[in-house]
Structures are given as C-alpha cells and as structure tokens.
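Worth knowing before you read on, the calculation uses all heavy atoms, side chains too, and leaves out hydrogens, waters and symmetry mates.
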Amino acid sequence: MKKRIIAVLVPVVLIFVVIAAVLGSWLIKKYSYSRNKADLNEYFNLTQADEVAMVVQDTIVEEKAKLREEVVYFDLPTVETYFTDRFYVNSLEQVLLFTTATDVIQVNIGDESHVMYVSDEGQELGYKAAFYEGDTLYIAADYVKRYANFEYQLFDAPLHMQVYTQWDGYTAAELSRKTAVRYQGGIKSDILVELEAGDTVAVLEELENWSKVKTEDSYIGYVENKFLKNKSQTERVCNTGFEEFVYSSVQKDGKINLAFHQVFEEVGGDFLANALSTTKTVNVVSPTWFRLTNSSGDFESLANASYVAKAHELGVEVWALVTDVDSLDRFGVEIDFVELLSASENRRYLIQGLMAQVDSYGLDGINIDFEKVRSDSGIHFVQFIRELSIETRKRGVVLSVDNYVPSEYTAHYNRKEQGIVADYIIIMGYDEHYVGGGAAGSNASIGFVEGGITNTKAVVPAEKIINAIPFYTRVWESGPEGLKASTLTMASTSNWVAGTGVTPSWDDVCCQNYVEYQINDTLYQCWLEDLDSIAVKLQVMQSQGIKGVASWKLGLEVPAVWDVIAEYMAQ
C-alpha cells in the first residue's frame, strides 16, 4: 500500500516541480532585465564608415555629417537648415563666398580651399574648407563656425556628434546606481549604453515609471525613474565666442516720401522743379536714369548734374534708379540675369559702373528695380545686392531695392537677406490685377496692400520698409473679344467718371470707389485710385509703423493727393 502511494506521489511531485520550474523560468524571463545590446549603427542609422550621426539640441536628426582626414563636414543643405543660409556658392566658378559688411570672403572649392581670401589676401586655414562629392558640396564644420553661432562635440564608436545652436535650461539628474540606458522605456528594451552610479544625464521627458534622458556622450534613451536622484535645473553655457555680423545701414530721420520720376531722355533741374512744383513733403526723388543694355553689366545713363543740384537745392535726395524693364541687348534679346549676375566679373563691372555714377553726380542713393529676375538667378541677384551694399555703405549712400508684394513666385528675391544688407526695401504695392493676368480686379486693394506689408515685415524690419502706392488704375472691358484693360491715371479719373454717367459706389472689401456699367455685350469695370483709396492705404501704412511711402509716378497724380500724403507724413 505504501509503495503504491509513493508510486502515485512521485509523478505528481515531479509534475509540480516541472510546473514550478517552468513558472519560475517564465517569471524570471518576464521580470528580469534584458541584456541584449542595441546595434548602435542601426540606432543612429549609419550606413557608411565616414558618416557622422547628428544630435541637434536633443534630437537625432536625419541629416548626416562626414568625417574626412579628422575634419567634420556638413553638406550645404544641412548648413542652410541648421546654421546659416548666407553662403553663396557658384559651381561654375568653383567658389564659396560669404559677404560681410565690408568684404567678400572667398574660398576656392576643392584642393585649394585650405586658403581663405579676404579682400584678395590669403589666409591659411589648416584644413580643406570645401569640396564636392558628385553634385554635393561639403563645407568644413569649423569653417561654418566662422559665420554661424554653434558648437559641436564629436564622439566615436560609432561616429556621432552633439550640436548646439541654442543654449537654454534643462533638468540634470544623477544615477543612484549602475544601470542601462535603454532604447525604449521597459526592462526588455535593448541596451544603448551602461552608466555608472553618479553619472549625470539630462532629463528630457519624465513618464510614469521611466524618463527619457540624454547621456553626456549624447545617447538618447530611457532609464527608470527610481534610479534618478538629485535633480536640478541647469543652464547650458555658450562658449563659442561668436560675434554676430553687423551690417550698418544708412537710415534717414523721419518718414520718407519718395516719388518715382520716369524720364525717357536726359532732363535738367528746371524739368525736375516743374515736376515737383505741386507736390508736398517729397524728400526723395528716384529718376529712372539707368537701364541695362546687355548681360555683361553695361547700362545707358540719363544722369544730369543740374537735376541733382536742383534736387539738393529743394532739400530733396536723389536715389537714381537702375532697371531691367524694357531692357534689351543690341540683338533685341532680354537681359539674362544668370549670365549677368552669376559671373563675379560682371557683378563687379556693374557695381563699379553704378558707383562711378554715384561719385560723378553726387547721388544720395541707388534704387535697384530688377523686375525680371527668374528663380534660377535669384541666388545671384541676392549676391549682387550683398556686394553692392559694401560699396554703398563705404560711401554712406542709400541702397534701396524694389520688390513685388511677397508671393511664392517671388520668394527667390530673398527679402530677408535684402533686409539685412540693404537700407530700404520698397514694396511695389500695385498691379494686383494686370493685363495678361486673366481676371479683372483692383490694381491695389487694401487687402493686397496690407498683406504685402505684413508679409514683408515678417522678414524685414519695419524701419526699412517703404510701401509704394499707384497714381493709376485700370479700366477693364469684358466682352465678346475677351478681357481687355487700359490704364487710367489719377489725373484723368474725374473726366472719365463723368463721361460714364455713373456715380461711383464704395467697395468695402477693396476700400476703393468702384464704377461698373455695360454697353451692349461689354462690361466695363474700374476700381478707382483716388483721394479716398490713397487715404485708406496710408492709414494702414501708419498703423503698420513702416518707414514711409513711395509713389509711381510723378505726373499721374492730382495735386490734392499731396495734401493727403502730407497728413500721413505729419503723423
């Protein structure tokens, strides 16, 4: 009987032992800490031996740097995204330029880039500053640091770097015991690195049981909250010693009232005096004196010494305008801005020519009115403005640049950079609807004008912005032959309206008087530019706090508009 009981109990006990062993093994497996190590190359998404992972602030970013001959390099898009977008690259000339207030600093891309040229004087860098790999330009991190405020630290095994462009506060904590930093929160997550008791981490995010942390060598992972102690708020300190570049501006006291003066032949002081005779508070005149004549930098000049002398006698400055409008070379071909402005020699030649005019005639400023710059020549146009600003700054004369109301189609004009190096940005606050645009509408509705100022102010200081108003509008004809338009000057408005027999009505949306009538199958529409519409525009400009007003153009206005502008100038 006893043997029979033992025979029964032994299997039962063995079953319980097996169950206990399995359960114990399961419990150990469930509640024990994983010892699996993460693949750190995979963690940083490194696929090539010379790639350097980038931790920017507290984030591992997609971009990678390169390590060549113990030098860290960024590709150009990375430089522009995180550090500075103010380099100018010309792949045809194989040059990398940075323009300060006084100099163009150049390195020749490739094997000779270990020398930096400032005003043509070479300085040894001790490393290659820039090189191409295929179509990708790489720039040495230490060279970029000359022109942007950031710091970095390089780590190996695997290659990664910590980059700081901002220095702010963070929560620091000590580890109370030796522990692992894991890829994710949870004891089964793979181990990134192991830390000793007393090591310090930055606490990036605190969850219920785990915290997201960054180690001193810039691994970002998770540790258990129970192992964190002595938390404290700590400030990162900037030790770069970087000094921001200062671009001094020629700034005029008070508001500016600029009148564009379109001339088609050389005129003197008496002509100007007559044009200004009915104006009030005009303190700048911009005559259309210089017109590009080819893609090499030549231009024709209508400059006249007596014109300048009379302007100065009247207390008016002369900011002579150079334009590409209606500019054709001797073969009847439009100016090619890529050809004109991508070549260093052409830019230099054009700038020297303009400065010769400034010096010869005692001009107070230059106004750039390049309206046909395409997207493929935008970077060259901006570099031209940078280099021109060096020369105008030396002479203490004004550099102003005419710009369209901002849109995605004109983003390549880079108003932000213009606002850094130029003295004034003039918004051409008109031609909202134009011949060829496909739709009838206001020439300058209040929404269009206000949007232009607001969007320009987003990237340009208000004290550098001048908004130009139109002394003209358009009469639209919609009929069987399609859409047509003709120009109506402010001076001719009254007679035109009287001839229609229609009483204008106020358009609250556009803030303009509106005329509409129909003859047979043709609809006529006109959003008037008159004293009322100009007054509303000036009110918006006053509320926006910009520098002043410009007007296109002398001779199209009615004398009474100067009283309205004078009220704005007095505010």
Side-chain angles (χ1 to χ4, degrees), residues 34-84 127-131 133 136-146 148-168 170-175 178-185 189-196 199-205 210-223 228 234 236-240 242:
S34 170
R35 301 307 302 167
N36 290 334
K37 299 290 183 71
D39 183 329
L40 295 180
N41 285 312
E42 183 177 330
Y43 167 73
F44 283 121
N45 193 28
L46 296 172
T47 59
Q48 299 178 25
D50 63 350
E51 280 187 333
V52 182
M54 293 177 58
V55 181
V56 179
Q57 301 301 122
D58 299 322
T59 302
I60 302 172
V61 299
E62 293 183 4
E63 294 85 352
K64 303 291 187 296
K66 280 188 179 293
L67 186 66
R68 295 286 176 85
E69 298 179 355
E70 305 301 317
V71 178
V72 175
Y73 292 88
F74 303 119
D75 62 32
L76 181 61
T78 298
V79 172
E80 293 177 337
T81 299
Y82 295 104
F83 308 119
T84 178
Y127 55 85
K128 186 184 293 186
F131 66 88
E133 188 169 272
T136 303
L137 176 66
Y138 289 91
I139 308 174
D142 286 345
Y143 189 71
V144 177
K145 283 184 67 176
R146 289 175 172 268
N149 193 19
F150 71 98
E151 62 183 355
Y152 72 89
Q153 186 176 4
L154 184 65
F155 305 98
D156 58 10
L159 284 172
H160 64 287
M161 64 189 302
Q162 173 65 60
V163 177
Y164 286 113
T165 60
Q166 301 175 33
W167 295 265
D168 47 16
Y170 66 98
T171 300
E174 291 181 22
L175 291 175
K178 180 177 180 178
T179 190
V181 177
R182 297 183 180 273
Y183 178 63
Q184 293 178 324
S189 182
D190 289 349
I191 296 171
L192 295 176
V193 291
E194 294 190 279
L195 300 180
E196 300 294 331
D199 284 349
T200 302
V201 295
V203 180
L204 306 182
E205 182 182 3
W210 293 75
S211 285
K212 185 178 183 180
V213 302
K214 184 173 70 176
T215 67
E216 291 183 340
D217 49 359
S218 296
Y219 290 93
I220 298 174
Y222 293 82
V223 298
L228 297 174
T234 304
R236 290 193 176 96
V237 179
C238 175
N239 295 311
T240 63
F242 180 82

Would you give the length of the straight line joining atom [atom1] of [X] to atom [atom2] of [Y], rounded to the nearest 0.5 angstrom?
X: Ile220; Y: Glu205; atom1: CD1; atom2: CD; result: 11.5 Å
X: Leu159; Y: Asn41; atom1: CG; atom2: CG; result: 9.0 Å
X: Asp217; Y: Leu154; atom1: CG; atom2: CG; result: 12.0 Å
X: Asn45; Y: Leu40; atom1: CG; atom2: CG; result: 13.0 Å
X: Asp39; Y: Leu192; atom1: CG; atom2: CG; result: 11.0 Å
X: Glu194; Y: Thr215; atom1: CD; atom2: OG1; result: 13.0 Å

Using the salt bridge (Lys or Arg N to Asp or Glu O under 4.0 Å) rule, collect all pairs that involve residues 44-56, keeping only residues at least two apart or in two chains.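 Pairs touching residues 44-56 that pass the test: Asp50-Lys66, Asp50-Arg68.
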Intermediate values then yes/no, side-chain contact (heavy atoms from CB on, under 4.5 Å), Val56 and Glu63: CA-CA 10 Å; Val56 179; Glu63 294 85 352; over 6 Å; no
Do [X] and [Y] touch side chain to side chain, with heavy atoms closer than 4.5 Å?
X: Asp58; Y: Lys212; value: no
X: Leu228; Y: Leu175; value: yes
X: Arg182; Y: Ser34; value: yes
X: Tyr82; Y: Val61; value: yes

Compute whether any side-chain donor of one residue and acceptor of the other, for [X] and [Y], lie under 3.5 angstrom apart.
X: Tyr152; Y: Asp142; result: yes
X: Thr136; Y: Asp75; result: no
X: Lys214; Y: Gln162; result: yes

Donor-acceptor under 3.5 Å (Lys64 side chain, Glu62 main chain):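 Judged by distance alone, yes, a pair lies under 3.5 Å.
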So for atom CD, which belongs to Glu42, do other residues, nucleotides or ligands contribute more than 12 heavy atoms lying within a distance under 6.0 Å?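 Open.
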Would the number of heavy atoms belonging to other residues, nucleotides or ligands and lying under 6.0 Å from CZ of Phe155 be above 12?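 For Phe155, atom CZ is crowded (more than 12 foreign heavy atoms under 6.0 Å).
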Which heavy atom of Ala148 sits nearest a heavy atom of Phe83, and at what distance?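 Minimum heavy-atom contact is CB-O, 3.7 Å.
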Search all heavy atoms of Val163 against all heavy atoms of Phe150 and return the closest pair with its distance.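 That would be CG1-CD1, 4.2 Å.
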Step through it carefully: locate the ring centre of Tyr143, locate the ring centre of Phe74, and say whether they are under 6.0 Å apart.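 No.
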Which residue, Glu151, Gln57, Arg236, forms the side-chain hydrogen bond (donor to acceptor under 3.5 Å, both in side chains) with Tyr164?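 Among the candidates, only Arg236 passes.
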Can you tell which of Tyr127, Tyr138, Phe131 makes a ring pair (Phe, Tyr, Trp, His ring centres under 6.0 Å) with Tyr73?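 The option that passes is Phe131.
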Geometric class of the Phe44/His160 ring pair [parallel <30°, tilted 30-60°, perpendicular >60°]: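 Ring orientation of His160 relative to Phe44: parallel.
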